[in-house]
Amino acid sequence: MRIATWNVNSITARLPRLLAWLESSGTDVLCLQEAKLAEEQFPYDELRAAGYEAAVNATGRWNGVAVVSRLGLEDVVKGLPGDPGYDGAEEPRAISATCGPVRVWSVYVPNGREVDHPHYAYKLQWFEALKAAVAGDAQGSRPFAVLGDYNVAPTDEDVFDVAAFEGLTHVTPAERAALAALREAGLSDVVPRPLKYDRPYTYWDYRQLAFPKNRGMRIDLVYANEPFTKAVTDAYVDREERKGKGASDHAPVVVDLDV
DNA sequence: ATGGCCACCTATGGTGGA
């Protein structure tokens, strides 16, 4: 089976490309982030016509996640148990479902904005809640993975220039420690192949020709338990999808599994 | 080729993204 994660930066803006990519890539299960619409506006009909069901957690213009599957969709759980909330409200940043032999989460980790911003503290708390929520499945015998936009570059090699991130979020020790805690809970980083250049970046800013210059970051991650990682036959970043007019600023990460 | 921000909102600039 082929499973992917992709921050689409608005389902509405991306729908033509999303439908075309699902077909051309042969993806069976897609964890998507930044739907940027309310659940009742989700294009269920268009996806159904293409052969996919969708489980959606989305409330409006910000955030929003979904699992899109043509291999079934069972035991859907919307939201993150123990979500600390931001500014008094829980945000739609997580959804989980079982798709055939695999259980997956689609997550959109809070950005953090700035290191001294309350959103950064929220980000770290959110990671704590995520670790607690997935610890059981991480130790289980069923293939399990948390896929999504983690908004953290795991190592200095995962940004185009570490000096450019001095004092910024996404590279701080505390954020990387949160990833390490997930690994200690039983999940491993399934690092994809880049299809060009030497680093498997997944995000390039829209501004300043970042994509043509390959000034990217690897922040879209697949954290998987041992039964899942043992089944991986290939993983790559589909950078072609970052090209051209109407692209998201993130490229899909695609994982092939022999299950 | 991959090209100089994008997307949203009961908008006409502010907010969020990273």
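The chains referred to below are lettered A, B, ... by the order of the sequence lines, with proteins before strands, and numbering in each begins at 1.
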Requested in this report: Return yes if the base of B/dT2 and the side-chain atoms of A/K196 contain a donor-acceptor N/O pair under 3.5 Å, otherwise no.
Outcome: yes
Report task. Could you tell me whether the phosphate oxygens of B/dC8, OP1 or OP2, come under 4.0 Å of any side-chain nitrogen or oxygen in A/S10? Result -> yes
**Report entry** Under-4.0 Å side-chain N/O to phosphate OP1/OP2 contact, A/Y150 with B/dA18
**Finding:** no
Query raised in the report: What nucleotide, of B/dA7, B/dG3, B/dA18, holds the atom closest to the side chain of A/P212?
Result: B/dG3
Requested in this report: Ignoring backbone atoms, establish whether A/H250 has a side-chain N or O less than 4.0 Å from OP1 or OP2 of B/dA18.
Outcome: yes
Requested in this report: Looking only at side-chain atoms of A/R61, point me to the closest of B/dG14, B/dG16, B/dA18.
Outcome: B/dG14
Query raised in the report: In terms of side-chain heavy atoms of A/L209, which of B/dA18, B/dG16, B/dG4 is nearest?
Result: B/dG4
Report task. Report yes if a side-chain nitrogen or oxygen of A/R14 is closer than 4.0 Å to either non-bridging phosphate oxygen (OP1 or OP2) of B/dA7; otherwise report no. Result -> yes
Report task. May I ask you to establish whether A/R103 and A/F144 are in a cation-pi arrangement, using a distance under 6.0 Å from NZ or CZ to the six-membered ring centre and at most 45° from the ring axis? Result -> no
**Report entry** Under-4.0 Å side-chain N/O to phosphate OP1/OP2 contact, A/N7 with B/dA18
**Finding:** yes
Report task. May I ask you to check whether A/E175 and A/T169 show a side-chain donor-acceptor distance below 3.5 Å? Result -> no
Report task. Side chain of A/Y206 only, please: which of B/dG17, B/dC8, B/dA18 is the nearest? Result -> B/dG17
Query raised in the report: Between A/E34 and A/R61, is the closest basic N to carboxylate O distance under 4.0 Å?
Result: no
Requested in this report: State which of B/dA7, B/dT2, B/dA18 makes the closest approach to the side chain of A/N9.
Outcome: B/dA7
Report summary line: Per atom distances to the A/A13 side chain, the nearest of B/dA7, B/dA18, B/dT2 is B/dA7
Report task. Before accepting this row, confirm whether a basic side-chain N of the pair A/R193/A/D234 lies closer than 4.0 Å to the acidic partner's carboxylate O. Result -> yes
Query raised in the report: Closest to the A/Y197 side chain: B/dT15, B/dA18, B/dT2?
Result: B/dT2
